[in-house]
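Residues: numbered from 1 along the sequence shown.
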Amino acid sequence: MLKIPRILLAILTGSFALYGMLSDDFSYVPLMLLFMGGMILIMGIEEYKNNKKGLASLLVAVSLFIFYTSFETMLHW
């Protein structure tokens, strides 16, 4: 059920990262972080559904930190 959004977010994250590396233009890093946070949040939800609550909690915490970093970077954009 959540496989397609996870793959889509992974492709978007990889695309922004590749663009930044090849062009030396890092203006899209906040968007890359936003998509990466969404991908990790979806991974956390999937792990929670698989009854791996410890890993799910860690993934959600990492996702929240990445969202915070993304929004903080967008404010200084």
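Interatomic distance, F26 CZ to Y19 OH, rounded to the nearest 0.5 Å: 10.5 Å. Taking CG of L34 as the start and CZ of F71 as the end, the distance is 5.5 Å to the nearest 0.5 Å. Rounding to the nearest 0.5 Å gives a distance of 13.5 Å between CG of L12 and OH of Y28. Rounding to the nearest 0.5 Å gives a distance of 9.0 Å between CZ of F67 and CD1 of I40. Here the CE atom belonging to M43 is positioned 10.0 Å from the CG atom belonging to L58, to the nearest 0.5 angstrom. To the nearest 0.5 Å, atoms CG (L59) and CG (L64) are separated by 11.0 Å.
Taking all atoms of both residues into account, the shortest heavy-atom contact from G44 to A56 is O-CB, 3.4 Å. For P30 against S70, the heavy-atom pair with the smallest separation is O-OG, 2.9 Å.
Using a 4.5 Å cut-off between side-chain heavy atoms of Ile, Leu, Val, Met, Phe, Trp and Tyr, with links allowed through other members, Y68 and M74 fall into different hydrophobic clusters. In terms of hydrophobic clustering, with Ile, Leu, Val, Met, Phe, Trp and Tyr side chains grouped at heavy-atom distances under 4.5 Å, F65 and M39 are assigned to different clusters. In the hydrophobic clustering of this structure, L8 does not group with L18; members are Ile, Leu, Val, Met, Phe, Trp, Tyr whose side-chain heavy atoms approach within less than 4.5 Å, directly or through other members. By the rule that hydrophobic residues join a cluster once side-chain heavy atoms approach within less than 4.5 Å of another member, M36 and I11 end up as members of separate clusters.
Results of the side chain to side chain contact (heavy atoms under 4.5 Å, CB included) test with L41 over L9, I66, V60 single out V60 as the only residue that passes.
Atom CD1 of I4 is surrounded by 12 or fewer heavy atoms from other residues, nucleotides or ligands within 6.0 Å. When the shell of 6.0 Å around NZ of K3 is examined, it contains 12 or fewer heavy atoms from other residues, nucleotides or ligands.
The side chain to side chain donor-acceptor pair (under 3.5 Å) search around S23 returns none, not counting sequence neighbours. Applying the side chain to side chain donor-acceptor pair (under 3.5 Å) rule to N50 yields no partners; only residues at least two apart in sequence or on another chain are considered.
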